[in-house]
Amino acid sequence: MLAPTALEVLAHIGRYSLLIGRAFRSVGEWRTYWSAFFLQAVRIGLDSLPIVILAAAFSGAVTTVQTAYQLVSGLVPRSVIGSIVTESVILELAPVISALVLAGRVGARIAAELGTMRVTEQIDALEVMGLNAVSFLVLPRVLAGLLMFPVLITAAAVVGIAGGLLAGIVSGELPPAEFLLGARSFFKPFDVVFMLIKAFTFGFLVTSISCYQGYYASGGAEGVGRATTQAAVVSCITVLLADYLLANLLL
Amino acid sequence: MGRENHSPQARIRVEKLVKSFDGQPVLAGVDLEIYQGETFCIIGRSGTGKSVLLKHLVGLLTPDRGTVWVDGEDIFRVPYGRLRQIRRKFGVLFQGAALFDSLTAEENVAFPLRMLGDRRLGEAEIQKRVRRCLAEVGLEDMGHKYPAELSGGMRKRVGLARAIALEPEFILYDEPTSGLDPETAQTINELIRKLARELGVTSIVVTHDMHSVLEIADRAGLLYEGRMHWVGTIEEMRRSQDPILLRFVKASEYQL
């Protein structure tokens, strides 16, 4: 893939902003989008739960094993492992790994769906009926992302911590009582707030970027393929960038 | 909204429409008037911008210069909300029918009825209208099928049923017979004629199928090098000595 020039990136950002602005313009007609919103909430949320939970459980478990391996010194109490795993999962692993998984799963799906609708003129058909096609297609998906990403990422955090706890038991390195002691001793409620802020941000970015890629797809099957790849790639990159920015701003 | 006094009966007026894609000019100043109740065929070779012109009539594309008036309203200067209302005067049959593939034929026809926000119809009324529209195109038994289970000709007929669901005043057809066998194409031509007659709609048909033109058109216009090169009735077409028109007609192997 050729790297885009700075000007092209700016052009994309401009067109993206206009599209999202247009999507929220007819937000007042919520009745039209209500059922679509529920459908998307199920597709983005419920259907993604297994893969998100799987990724979270393993990342939590690996963190426990790896932290135990790195803290071999007898000077540090083993319960510290519990606090490191809990903090890592809540602050970074659950939101970022889930968002990257969802960029592939949800982002690609949205872009492929909208891209196909674009190249088969279904989007034109919506417009001609007098619907605001942008709102009709983009709004339910972005709102579903805003609602479901926090839900999924919260579930991922719970499962990730449980995975870490379980790995401690299985490996025999860390009894659950010590893990939980460590988990509690350094826990700050703001960590959860920070996680939710990340979740909202990632939810908005992944769904809106994927909608943009799909909505402006062109050039038949190949164009849809390109839009789908772009949706996943650009979503991943912006999630990582936003992750770094938020850490800098809020921590 | 600027209302102007154009010739009283022209319902759609295309004015010096210019459009290019990536520096490639497609429309170079198209002028055209469409009158109440007529069936107008836009003809021309592939790639001359017939479909591009059609999409400008409902504001799906925005011109570089020039404009389109629908019933005295400049559709590129009205607010978006008004454009959406103007669009409801139109039904469009897209080239590939553009059916929503996750919905059955029935649901496709019902879709615009369910979505129109201003006058909500009861479910019974919607079902009645859907059945009537599907019967109109001769597909009353196919309502439960998904687009993927229908043939190309049937998809176009469902697309047509959906286009007439909101009782439009104009129907636009984008290559309605392309990719169909001659017999199915004939069915579509008959449908176009029937709808024009029964519903009193104004029809605009983009096609390169001369057979279709002779079957359905009241008037036709030849799009050539970005302009309306020739416009006239079918009678005038038969008598015309215009070399470019003759070349197009001859190439279609149809004797006028």
Side-chain angles (χ1 to χ4, degrees), chain A residues 8 11 15 18-19 21-40 42-43 47 109-110 112-141 214-221 223-224, chain B residues 21-22 51-52 54-62 75 79-103 107-120 147-148 155 158-160 162-166 168 170-172 174-175:
Chain A
E8 281 169 350
R15 211 160 55 137
L18 286 175
L19 182 80
R22 235 180 100 191
F24 280 88
R25 202 159 59 177
S26 64
V27 73
E29 302 164 43
W30 57 271
R31 237 175 298 180
T32 318
Y33 315 120
W34 200 235
S35 61
F37 166 73
F38 277 112
L39 182 71
Q40 293 304 326
V42 169
R43 283 191 184 160
D47 293 358
R109 175 185 189 128
I110 290 176
E113 196 177 359
L114 262 53
T116 305
M117 290 187 76
R118 163 61 69 198
V119 301
T120 56
E121 296 182 312
Q122 291 178 48
I123 292 184
D124 284 344
L126 285 172
E127 276 286 327
V128 164
M129 286 171 193
L131 279 166
N132 181 342
V134 178
S135 296
F136 183 75
L137 295 172
V138 176
L139 215 51
R141 288 171 173 79
Y215 192 83
Y216 286 113
S218 62
V224 176
Chain B
F21 291 103
D22 300 323
S51 298
V52 171
L54 196 75
K55 287 191 171 171
H56 277 91
L57 301 183
V58 280
L60 287 176
L61 290 171
T62 313
I75 64 165
Y80 181 62
R82 180 63 197 150
L83 175 62
R84 289 171 60 186
Q85 282 170 336
I86 295 174
R87 279 173 172 166
R88 291 192 184 168
K89 296 182 187 177
F90 288 84
V92 181
L93 176 59
F94 289 92
Q95 207 163 343
L99 298 177
F100 304 123
D101 31 33
S102 56
L103 304 179
E107 290 165 343
N108 262 286
V109 180
F111 185 89
L113 297 169
R114 294 214 166 94
M115 286 300 158
L116 52 91
D118 35 76
R119 40 181 184 138
R120 297 237 133 207
R155 276 204 286 273
V158 175
L160 195 48
R162 187 178 67 182
I164 60 173
L166 285 179
F170 304 96
I171 305 182
L172 310 188
D174 192 358
E175 303 275 8

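Heavy-atom basis, side chains included; hydrogens, waters and symmetry copies ignored. Each chain gets a letter, A, B and so on, in the order its sequence line appears, and its residues count up from 1. Model, not experiment: these values are computed from the prediction.
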Rounded to the nearest 0.5 Å, the CZ atom of R87(B) sits from the CD atom of E127(A) at a distance of 4.5 Å

Which atom names give the shortest non-hydrogen contact between M129(A) and P112(B), and what distance separates them? SD-CB, 3.9 Å

Kindly compute the distance separating CZ (R22(A)) from OH (Y80(B)), expressed to the nearest 0.5 Å. 4.5 Å

Tightest non-hydrogen contact, residues F100(B) and A125(A), listed as CZ-CB, 4.4 Å

For R84(B), the salt bridge (charged side-chain N to carboxylate O under 4.0 Å, His left out) test, sequence neighbours excluded, returns E29(A)

Name the member of L131(A), L126(A), T116(A), N132(A) that forms the most heavy-atom pairs with chain B at distances under 4.5 Å. N132(A)

E121(A) and Q95(B): which non-hydrogen atoms are nearest, and at how many Å? OE1-N, 3.5 Å

Got a second to check how far F94(B)'s CZ is from T120(A)'s OG1, nearest 0.5 Å? 10.0 Å

Select one option (side chain, backbone, both, neither) describing which atoms of L99(B) are under 4.5 Å from chain A's heavy atoms. backbone

Taking side chain as everything from C-beta outward and backbone as N, CA, C, O, which of these in A36(A) sits under 4.5 Å from a heavy atom of chain B? Side chain, backbone, both or neither. neither

